[in-house]
Amino acid sequence: FESGRPVRYTCENGASFAVRFDRVRGTPTAQVRYADGLANEARRTLLLVGGPTGSGIRYTNDEAVLHLKAAEARIEIPETADTDVFTASN
């Protein structure tokens with residue numbers, strides 16, 4: 001992923017989120033922006049840190065987990081109202 005350029009992912013249910021990949025002090029990071037539920041337009045932002053995974057790329061913090069493999073992304077955000085997992089492609 002190119003550093004600094006946001007990548008938008010769209011789910012089958014119409015929900016979407018954008019991810020901006022970067023490095024902070026040499027550590028890979030992902031800044032995720034998403035709507036808090038399908039009916040709520042309020043945007044939320046999470047900063048996730050890259051870490052080891054069996055396959056693909058994984059970013060995480062205490063609030064969420066983002067797993068990327070090929071053109072698909074799966075993000076788990078337990079606090080969201082409609083669902084806790086979004087699976088999307090870009």
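FYI, side chains are in, hydrogens and waters are out, and symmetry mates aren't considered; it's all heavy atoms of this structure.
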Inset, instruction - Quick one: pull up CG in L46 and CG in D62 and give me the separation to the nearest 0.5 Å. - result: 11.0 Å

Legend entry - L66 CG to N61 CG distance, which is reported to the nearest 0.5 Å: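 CG of N61 is found 10.5 Å from CG of L66.
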
Inset, instruction - Measure across A64 and L48 and return the closest heavy-atom pair with its distance rounded to 0.1 Å. - result: O-CD2, 4.0 Å

Inset, instruction - Might you point out which heavy atoms bring R58 and P52 nearest each other, and give the distance in Å? - result: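 Answer, listing the atom of R58 first, then P52: CD-O, 3.9 Å.
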
Legend entry - Candidates I75, L68, T53, V49 - the one meeting side-chain contact (heavy atoms from CB on, under 4.5 Å) with Y59: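 So the option named by the test is L68.
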
Inset, instruction - State which residues pass side chain to side chain contact (heavy atoms under 4.5 Å, CB included) with T45; sequence neighbours excluded, sorted by chain then number. - result: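 Once residues adjacent in sequence are excluded, the partners of T45 under the side chain to side chain contact (heavy atoms under 4.5 Å, CB included) criterion are Q31, R33.
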
Legend entry - Expected output: side-chain H67 to main-chain S55 donor-acceptor under 3.5 Å: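 Checking the backbone N and O of S55 against the side chain of H67, a donor-acceptor pair under 3.5 Å is found.
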
Inset, instruction - Would you please name every residue forming a side chain to side chain donor-acceptor pair (under 3.5 Å) with T27, sequence neighbours left out? - result: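 Side chain to side chain donor-acceptor pair (under 3.5 Å) list for T27, sorted by chain: empty.
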
Inset, instruction - Would you kindly confirm whether I57 and L47 end up in one hydrophobic cluster when ILVMFWY residues are joined by side chain heavy atoms under 4.5 Å apart? - result: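 No: no chain of side-chain contacts under 4.5 Å links I57 to L47.
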
